[in-house]
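Please read the structure below before turning to the comments.
The figures here come from the full heavy-atom set of this structure, side chains too, leaving out hydrogens, waters and symmetry mates. Quick caveat, the model's predicted, so the values are computed rather than measured.
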Amino acid sequence: MTDTPKPLADRLALVTGASRGIGAETAKALAAAGAHVVLTARTTGALEEVEEAIFQAGGAATIAPLDFTEPDATARLATALGQRWDKLDILVMNAAMLGTLGAISAIDPKEFAKVMTLNVSAQAALLGAFDPMLRRSSAGRVIALTSSVARAPRAYWGEYGASKAALEVLVQSYGLEVQNISKVRTAIIDPGATRTKMRARAYPGEDPARLKGPEVVAARILQLLTEDFATGHFERIEG
C-alpha cells in the first residue's frame with residue numbers, strides 16, 4: 001500500500017507575513033500539500049508556532065525571521081535560501097501594513113514612507129532577488145495579496161490603496177516580462193472581507209464572527225496553485 005502523492009511534493013514555497021492570518025494558514029495549507037515552506041515575518045515566536053503546527057501535521061517548514069523594511073533584508077534572505085536550494089517554486093507575497101486610515105491631506109510623510117517601503121519597495125526587491133530561483137523552477141508561481149481599494153479607491157484609504165495599486169502594477173509587469181522567457185506565472189488575489197488582525201484594525205466595530213476565516217483564502221490559494229493559472233490572473237474571494 002502506497003501513500004497518495006501530494007500535489008506540491010518536492011516544491012519549495014516562500015510565504016511572507018506567515019506568522020498569523022492568511023499568511024500562516026496559507027503556509028499550513030501548502031505544507032499539507034507537500035511543499036517545504038519557508039516562513040517569514042518579524043515575530044520569531046509566532047513563526048515558531050506556525051512551524052510547529054506544520055511539523056505536527058507531518059509537513060516541512062523553515063522559519064526565517066526578518067523585517068523587510070531593513071535595506072538588506074531581502075538580499076540576505078535570497079542568499080540564505082540560494083545556498084540551500086537551487087530553485088523557488090512558489091512565492092506568496094502576503095506581508096503588508098495598513099498604516100493609518102485618514103484623509104490624504106493628513107498623511108504623515110514618515111508613516112507613508114514606511115507603508116510604501118514594506119508594501120511596494122520590499123515587494124519589488126523580493127521579485128528581483130528571487131527572479132533567478134523562480135526561473136529555475138519548472139513551474140515558478142507568484143501570488144500577491146491585494147485589496148479592493150487598489151482598484152476602487154475609497155475615502156480615507158488612500159495610503160494603503162495606493163500601496164496595493166502599486167503592488168499590482170509591479171506584479172503584473174513582472175509577469176509580462178518573464179512569461180515568454182520562463183515558466184514563471186503571476187496572479188493577484190483579493191481575499192475580500194476576512195477575519196484577520198488587519199481587518200479588525202480597519203473595522204473595529206465589525207463582528208468578526210460574520211467574516212470568513214483566513215483558512216478559506218488559504219484553501220483557494222492552494223487550489224489555484226494545484227489547478228494552475230495564466231499570468232495576469234486576478235480574482236476576489238467572496239464568502
Side-chain angles (χ1 to χ4, degrees), residues 15-29 39-53 63 65-70 73 92-123 143-171 188-222 234-239:
V15 179
T16 70
S19 61
R20 63 174 184 256
I22 293 171
E25 294 302 324
T26 298
K28 293 174 187 177
L39 316 168
T40 72
R42 291 179 298 173
T43 312
T44 302
L47 284 177
E48 289 174 340
E49 290 178 6
V50 178
E51 180 187 40
E52 181 60 23
I63 66 170
L66 81 166
D67 183 350
F68 281 112
T69 64
E70 295 179 359
V92 180
M93 303 167 71
N94 172 68
M97 67 178 293
L98 179 64
T100 300
L101 301 183
I104 297 298
S105 58
I107 283 179
D108 178 349
K110 290 184 178 179
E111 182 188 73
F112 187 56
K114 190 172 182 179
V115 169
M116 296 300 283
T117 294
L118 177 58
N119 296 4
V120 183
S121 300
Q123 310 309 313
I143 293 181
L145 279 293
T146 189
S147 168
S148 61
V149 294
R151 299 186 175 212
R154 193 181 309 161
Y156 308 113
W157 283 77
E159 182 171 283
Y160 183 68
S163 72
K164 285 301 186 178
L167 170 66
E168 289 194 20
V169 171
L170 284 172
V171 173
I188 295 171
I189 299 296
D190 174 1
T194 306
R195 192 169 59 250
T196 64
K197 191 172 181 178
M198 182 184 288
R199 177 79 184 189
R201 277 194 58 210
Y203 298 93
E206 189 174 54
D207 179 5
R210 302 183 65 178
L211 304 176
K212 66 180 179 293
E215 69 279 359
V216 175
V217 179
R220 178 53 189 151
I221 290 174
L222 174 60
F234 171 87
E235 69 176 82
R236 176 179 169 85
I237 302 175
E238 303 293 348

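When all heavy atoms of Ala27 and Val50 are compared, the closest pair comes out as CB-CG1, 4.5 Å. Of all heavy-atom pairs between Gly17 and Ala95, the closest is N-CB, 3.7 Å. Closest non-hydrogen pair, Ala18 versus Ala41, comes out as N-CB, 4.0 Å. Arg236 and Ala193 make their closest contact through NH2-N, 4.2 Å (heavy atoms, listed as atom of the first residue, atom of the second, distance). Residues Ala96 and Met198 share a closest heavy-atom pair of O-CE, 3.6 Å. In this structure, Arg195 and Pro208 approach most closely via the heavy-atom pair CD-O, 3.3 Å.
Distance CG/Leu170 to OG/Ser121: 8.5 Å, rounded to 0.5 Å. Rounding to the nearest 0.5 Å places CD of Glu215 at 16.0 Å from CZ of Arg220. Lys114 contributes atom NZ, which lies 14.0 Å from atom OG of Ser163 (distance to the nearest 0.5 angstrom). Remark: Met93 CE to Ile188 CD1 distance equals 9.5 Å, nearest 0.5 Å. From Ile189, atom CD1 reaches atom OG of Ser147 across 13.5 Å, with rounding to the nearest 0.5 Å. Summarising the geometry, atom OH belonging to Tyr160 is positioned 12.5 Å from atom CE belonging to Met116; distances are rounded to the nearest 0.5 Å.
For the pair Met97/Asn119, a side-chain contact is recorded, criterion being any heavy-atom separation below 4.5 Å from C-beta on. Residues Lys164 and Trp157 have side chains not in contact (no heavy-atom distance under 4.5 Å, counting atoms from C-beta outward). The side-chain heavy atoms of Glu235 and Asp190, taken from C-beta on, include no pair separated by under 4.5 Å. Between Thr196 and Ile22 the shortest side-chain heavy-atom distance falls below 4.5 Å.
A cation-pi contact links Arg199 to Tyr203, judged by a cut-off of 6.0 Å to the six-membered ring centre and 45° from its axis. Annotation: cation-pi pair Arg151/Phe234 present, NZ/CZ under 6.0 Å from the ring centroid and within 45° of its normal.
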Test side chain to side chain contact (heavy atoms under 4.5 Å, CB included) applied to Thr194 and Leu211, step by step: CA-CA 5 Å; Thr194 306; Leu211 304 176; 6.0 Å; no
Residues Glu51, Leu39; criterion side chain to side chain contact (heavy atoms under 4.5 Å, CB included); working and verdict: CA-CA 8 Å; Glu51 180 187 40; Leu39 316 168; 4.0 Å; yes
Residues Lys212, Glu238; criterion salt bridge (charged side-chain N to carboxylate O under 4.0 Å, His left out); working and verdict: CA-CA 9 Å; Lys212 66 180 179 293; Glu238 303 293 348; over 6 Å; no
Phe68 vs Thr117, side chain to side chain contact (heavy atoms under 4.5 Å, CB included): CA-CA, chis, key distance, verdict: CA-CA 8 Å; Phe68 281 112; Thr117 294; over 6 Å; no
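Not a single side chain to side chain donor-acceptor pair (under 3.5 Å) links Arg42 to another residue, sequence neighbours left out.
In this structure, Thr16 contributes its side chain and Thr40 its backbone to no donor-acceptor pair below 3.5 Å.
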What side-chain donor-acceptor pairs closer than 3.5 Å can you find for residues 98-110, not counting sequence neighbours?
| unit_1 | atom_1 | unit_2 | atom_2 | d |
| --- | --- | --- | --- | --- |
| Thr100 | OG1 | Glu111 | OE1 | 3.2 |
| Thr100 | OG1 | Glu111 | OE2 | 2.7 |
| Asp108 | OD1 | Lys110 | N | 3.0 |

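Between Thr26 and the options Ile221, Asn94, Leu145, a side-chain contact (heavy atoms from CB on, under 4.5 Å) holds for only Ile221.
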